[in-house]
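Hydrogens, waters and symmetry mates are skipped; everything else that's a heavy atom, side chains included, is used.
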Amino acid sequence: MNLIGRGTKDPYIRAIHTTLQTVFAYTKAFFLSDRRTDMQNIILIGAARPIRYQERHMAGFREAGLDEGYIITDRL
C-alpha cells in the first residue's frame, strides 16, 4: 500500500499496519520523509513469505518500525 501520513506516530498508519499483521505473516513499513512538511510517503507491505529488499533500490525509502495500533474491523 502507498499511503500518506504523519510518520511512525500517526495512529491511522499504525492501525493499518497492525491490521495487516493480522492477515499477513510478514510485514514491513518504509518511509520517505519530506523535510518541508511533517507529512510522509509511506509504503506498507504484507506477504506470506519473508520480505526481501535492497535498500539501494528503494528510491530513498527507509524501513521503520511501527508501534502497535488498533485493528480495523467492519461494523457488522
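Counting all heavy atoms, side chain and backbone alike, G7 lies closest to Q40 at CA-OE1, 3.2 Å. A pairwise comparison of heavy atoms in T8 and L66 identifies CA-CD2, 3.6 Å as the closest pair. Taking every heavy atom of both residues into account, A25 and A48 meet most closely at CB-O, 4.1 Å.
Test I71, I72, T27 against L20 for side chain to side chain contact (heavy atoms under 4.5 Å, CB included) and you get one pass: T27.
A continuous path of ILVMFWY side-chain contacts below 4.5 Å connects I16 to V23, so both sit in one hydrophobic cluster. Under the 4.5 Å side-chain heavy-atom criterion for ILVMFWY residues, no single connected hydrophobic cluster contains both I4 and L44. At a threshold of 4.5 Å between side-chain heavy atoms, the hydrophobic network of Ile, Leu, Val, Met, Phe, Trp and Tyr places F30 and Y26 in one connected group.
In this structure, M58 CE and Y53 OH are separated by 7.0 Å, a value rounded to the nearest 0.5 Å. To the nearest 0.5 Å, atom CD1 of residue I13 and atom CZ of residue F31 are 6.5 Å apart. One distance of note links CG of N2 with CD1 of I45; it measures 10.5 Å at 0.5 Å rounding. Of the inter-residue distances, the one linking L3 atom CG with Y12 atom OH reads 13.5 Å to the nearest 0.5 angstrom. Rounded to the nearest 0.5 angstrom, T19 OG1 and F24 CZ are separated by 11.5 Å.
A side-chain donor-acceptor contact under 3.5 Å links R14 to the backbone of K9.
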